[in-house]
A.B. asks: 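The structure's right below; bear with me while I get my questions together.
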Amino acid sequence: MGTRISGVGMYAPPRVMSNKDLEKLVETSDEWIRERTGIEERRVAKQGTPTSDLAAEAARCALEDAGIAPDAVDIIVVATFTPDMLFPSTACFVQSKIRAKNAFAFDISAACTGFVYALSIADALIRAGRGKTALVIGAEIVTSILDYTDRNTCILFGDGAGAVVLTECPEGEGLLSCHTYSDGDLWGYLHGPGGGTAAAGTPDGEEAPKRVITMSGNEVFKHAVTRMGEVSLEALAVNGFTKDDVDLFIPHQANLRIIKSVGKRIGIPDERVFINLAQYGNTSAASIPIALAEARAQGRCKKGDLVLMAAFGGGLTWGSALVRM
Ligand code: UT7
C-alpha cells in the first residue's frame with residue numbers, strides 16, 4: 001500500500017506588491033530584483049489575516065479537486081513558520097474552518113522545506129494505518145515577519161497557500177519516495193529569532209525582539225544549490241530513474257538563479273522546470289504546492305507524469321519528493 005496525490009489546490013491573496021512598490025520602501029530597484037532573483041511581484045495578505053484563512057481556501061480547492069468531502073479527511077498537516085498563534089496549531093484552525101470534524105490536525109516546522117516534510121509525514125501515517133485520507137498544506141504569511149528596512153530579505157518573500165489531498169493507492173504508484181534532511185549546525189544562516197524562548201522578553205520588562213527573518217543570502221544560496229541538486233539526484237537513483245524520465249521538475253521557488261543552477265546539476269532542461277517565482281516570490285512552505293496546482297491547471301502536469309519536487313530552507317533543511325501523478 002502506498003499513497004497518491006488525489007487533489008491539488010492553491011490560494012493567494014489578491015493584493016499584488018510589485019518591485020516598483022518596494023522601491024518606495026527600501027533602497028532597491030526593479031532591475032536589481034529581477035536580475036538577481038527573477039521576482040517581479042508578490043502577493044501580500046491584509047494585515048491581521050490568519051494564515052489558516054489562506055490554508056483553508058487552498059484545502060477547500062484541493063478537496064473539491066479530489067471529489068472528497070471534508071468529513072472524510074483523517075489527517076491535516078500544515079507546514080508553516082508563520083502560524084496563526086503559538087498554539088493551537090494552524091492545522092486545528094483549518095480543521096474548524098473547513099469542517100473536517102473527523103481529522104486529527106497538527107503543524108510542522110521545517111521552513112521552506114516544510115511541504116516536503118509534511119508530505120513525508122502524512123505518507124508515513126497513512127502507510128502506518130493512522131488514516132486513509134490526509135490534507136497536506138503549505139501556508140505562509142511571510143510578509144508578517146519581514147523587516148521592510150532590510151533589502152536583503154524584504155524583496156524576496158510573498159504570501160500564499162497550497163494543498164494536496166493524499167489518499168491510499170497500490171504500492172509503486174503515486175508518491176514514490178520522500179527524502180528529508182537537516183543540518184542544525186547551520187541554523188544561523190536563516191532564522192527568525194523573535195517570538196521564541198531563545199529571544200523572549202524578561203520579567204524585568206525587557207522587550208522581546210521583533211519576529212523577523214534574518215538571512216546570510218550568499219551562504220544560503222550556495223547550500224541550496226548543492227543540497228537541492230544532491231537530494232533530487234538521490235530521489236531518481238533510489239527509484240531507478242534518470243533525469244530523462246522526469247516530466248516536470250518543481251523546485252522550491254526562492255531565486256531564479258538557484259533554480260537554473262539546480263536544473264543544470266540534475267540535467268533537466270528549462271522547458272521541463274516549472275517556475276512561477278516571478279508572480280509570487282518565495283512563499284516558503286507554500287511554494288511547491290502552489291506551483292504544483294498551477295502546473296496542473298496549465299496542463300503541464302498530467303495524470304501519469306513523473307514529477308520531481310525539491311526544497312531547501314531554514315534549519316537548514318532540505319528534501320525531495322518523487323511522484324507519479
Ligand atoms: O527559501 C530558501 C531561502 N532563501 C534563499 O534561498 C535565498 C538565497 N539567497 C539569494 O537568493 C541571494 O543571495 C540574494 C537575492 C538574497 C542576494 O543576491 P546576491 O546576488 O547574493 O547579492 P549579495 O548579497 O552578494 O549582494 C550584492 C550587492 C551588495 O552590494 P555591494 O556590497 O556589492 O555594494 C548588496 O548590498 O547587492 C546589494 N543588494 C541589493 N541592492 C539592491 C542586496 N540586496 C539588494 C536589493 N536591492 N534588494
A.B. asks: Should W318 and V273 be regarded as members of a common hydrophobic cluster, given that ILVMFWY residues are connected when their side-chain heavy atoms come within less than 4.5 Å of each other, either directly or indirectly?
C.D. replies: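 Both belong to a single hydrophobic cluster.
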
A.B. asks: State yes or no: do F115 and F274 share one hydrophobic cluster built from I, L, V, M, F, W and Y residues joined by side-chain heavy-atom distances below 4.5 Å, directly or via other members?
C.D. replies: yes

A.B. asks: If we check side-chain contact (heavy atoms from CB on, under 4.5 Å) with F106, which of these qualifies: I76, T90, I121?
C.D. replies: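 Among I76, T90, I121, the one meeting side-chain contact (heavy atoms from CB on, under 4.5 Å) with F106 is I121.
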
A.B. asks: Using the rule given for salt bridge (charged side-chain N to carboxylate O under 4.0 Å, His left out), can you reason through D71 versus K101, listing the C-alpha separation, both sets of side-chain angles and the distance that settles it, and then say yes or no?
C.D. replies: CA-CA 6 Å; D71 59 7; K101 58 180 186 298; 3.8 Å; yes

A.B. asks: Other residues, nucleotides and ligands only: do more than 12 of their heavy atoms fall within 6.0 Å of CZ on R257?
C.D. replies: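 Above 12, so yes.
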
A.B. asks: Can you name the nearest heavy-atom pair linking A285 to P289, along with the distance?
C.D. replies: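 That closest heavy-atom pairing would be O-CD, 3.5 Å.
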
A.B. asks: Is there side-chain contact between S284 and V142, with heavy atoms separated by less than 4.5 Å?
C.D. replies: yes

A.B. asks: Does a sphere of radius 6.0 Å around CD in Q298 hold more than 12 heavy atoms from other residues, nucleotides or ligands, not counting ones at 6.0 Å or beyond?
C.D. replies: yes

A.B. asks: Rounded to the nearest 0.5 Å, how far apart are CZ of F221 and CE of M215?
C.D. replies: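 Rounded to the nearest 0.5 Å, the CZ-CE separation comes out at 10.5 Å.
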
A.B. asks: T143 pairs by side-chain hydrogen bond (donor to acceptor under 3.5 Å, both in side chains) with which of T49, D159, T82?
C.D. replies: D159

A.B. asks: Considering all heavy atoms of both residues, which atom of C112 and which atom of G313 are nearest to each other, and what is their separation?
C.D. replies: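 The pair with the smallest heavy-atom distance is CB-CA, 3.8 Å.
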
A.B. asks: Would you say that I155 contacts W32 through its side chain, given a criterion of any heavy-atom pair below 4.5 Å between the two side chains?
C.D. replies: yes

A.B. asks: Considering residues, nucleotides and ligands other than E271, do more than 12 of their heavy atoms fall under 6.0 Å from its CD?
C.D. replies: yes

A.B. asks: State, to 0.1 Å, how close V136 and A122 come at their nearest heavy-atom pair, and which atoms those are.
C.D. replies: CG2-CB, 3.5 Å

A.B. asks: Flag the pair K222 and E219 as a salt bridge only when some basic side-chain nitrogen lies within less than 4.0 angstrom of an acidic carboxylate oxygen.
C.D. replies: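 Looking at E219 together with K222, the answer is yes, because their closest N to O distance falls below 4.0 Å.
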
A.B. asks: Would you call E171-R127 a salt bridge at under 4.0 Å N-O?
C.D. replies: yes

A.B. asks: Which residue in the set L190, D150, D147 passes side-chain contact (heavy atoms from CB on, under 4.5 Å) when paired with I213?
C.D. replies: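 Of the listed options, the one satisfying the test is L190.
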
A.B. asks: Less than 3.5 Å apart, any donor N or O on the side chain of T283 or E140 sitting next to an acceptor on the other?
C.D. replies: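 Absent: no donor and acceptor within the cut-off.
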
A.B. asks: According to a 4.5 Å side-chain heavy-atom criterion applied to Ile, Leu, Val, Met, Phe, Trp and Tyr, with indirect links allowed, do V238 and L175 form part of one hydrophobic cluster?
C.D. replies: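 No, it is not one cluster - the side chains of V238 and L175 are not joined through contacts under 4.5 Å.
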
A.B. asks: Looking at every non-hydrogen atom in both residues, tell me the closest pair between N276 and Q253 and how far apart they are.
C.D. replies: N-OE1, 3.0 Å

A.B. asks: Set out, in order, the CA-CA distance, both residues' side-chain angles and the distance that settles side chain to side chain donor-acceptor pair (under 3.5 Å) for S6 and T167, then state yes or no.
C.D. replies: CA-CA 6 Å; S6 302; T167 54; 2.4 Å; yes

A.B. asks: Considering residues, nucleotides and ligands other than R99, do more than 12 of their heavy atoms fall under 6.0 Å from its CZ?
C.D. replies: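 For R99, atom CZ is not crowded (no more than 12 foreign heavy atoms under 6.0 Å).
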
A.B. asks: Would you say V246 ends up clustered with I250 if hydrophobic residues are merged whenever their side chains have heavy atoms under 4.5 Å apart, either directly or through other cluster members?
C.D. replies: no

A.B. asks: Check ring-ring contact (aromatic ring centres under 6.0 Å, His included) between H191 and all other residues, then give those that pass, not counting sequence neighbours.
C.D. replies: W187

A.B. asks: D53 and K97: salt bridge (charged side-chain N to carboxylate O under 4.0 Å, His left out), yes or no, with the steps?
C.D. replies: CA-CA 8 Å; D53 275 9; K97 285 175 184 174; 2.6 Å; yes

A.B. asks: Which value, rounded to the nearest 0.5 Å, describes the distance between M17 atom CE and R43 atom CZ?
C.D. replies: 13.0 Å

A.B. asks: If you define the side chain from C-beta out and look only at heavy atoms, does anything of F249 sit under 4.5 Å from S232?
C.D. replies: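 Result yes, sub-4.5 Å side-chain heavy-atom pair found.
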
A.B. asks: Supply the atom-to-atom distance I266 CD1 to T242 OG1, rounded to the nearest 0.5 angstrom.
C.D. replies: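 One finds 12.0 Å between CD1 of I266 and OG1 of T242.
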
A.B. asks: Compare all side-chain heavy atoms of L308 with those of F241 and state whether any distance is below 4.5 angstrom.
C.D. replies: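 Counting from C-beta outward, L308 and F241 never come under 4.5 Å.
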
A.B. asks: Please verify the inter-ring angle class for H223 with Y189; under 30° counts as parallel, over 60° as perpendicular, anything in between as tilted.
C.D. replies: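 Ring orientation of H223 relative to Y189: tilted.
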
A.B. asks: What distance separates R300 CZ from R272 CZ, expressed to the nearest 0.5 Å?
C.D. replies: 11.0 Å

A.B. asks: At their closest point, which heavy atom of A321 faces which heavy atom of C178, and how far apart are they?
C.D. replies: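 Heavy atoms only, the tightest pair is CB-SG, 4.1 Å.
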
A.B. asks: Identify whether the distance between the nearest side-chain nitrogen and carboxylate oxygen of R4 and E173 falls below 4.0 Å.
C.D. replies: yes

A.B. asks: Would you say I288 and L176 are hydrophobically clustered, going by side-chain heavy atoms of ILVMFWY under 4.5 Å?
C.D. replies: no

A.B. asks: Among residues at least two apart in sequence or on other chains, which ones pass side-chain contact (heavy atoms from CB on, under 4.5 Å) with K260?
C.D. replies: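 L256, D270.
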
A.B. asks: What's the shortest heavy-atom distance between I137 and V94, and which atoms?
C.D. replies: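 Result for this residue pair: CD1-CG1, 3.9 Å.
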
A.B. asks: Quick one: do the D21 and S18 side chains pair a donor with an acceptor below 3.5 Å?
C.D. replies: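 There is such a pair between these side chains.
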
A.B. asks: What is the distance from atom OH of Y181 to atom OG1 of T113, rounded to the nearest 0.5 Å?
C.D. replies: 13.0 Å

A.B. asks: Can you tell me how far the OG1 atom of T37 sits from the CG atom of N282, to the nearest 0.5 Å?
C.D. replies: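 Answer for the OG1-CG pair, T37 versus N282, is 10.0 Å.
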
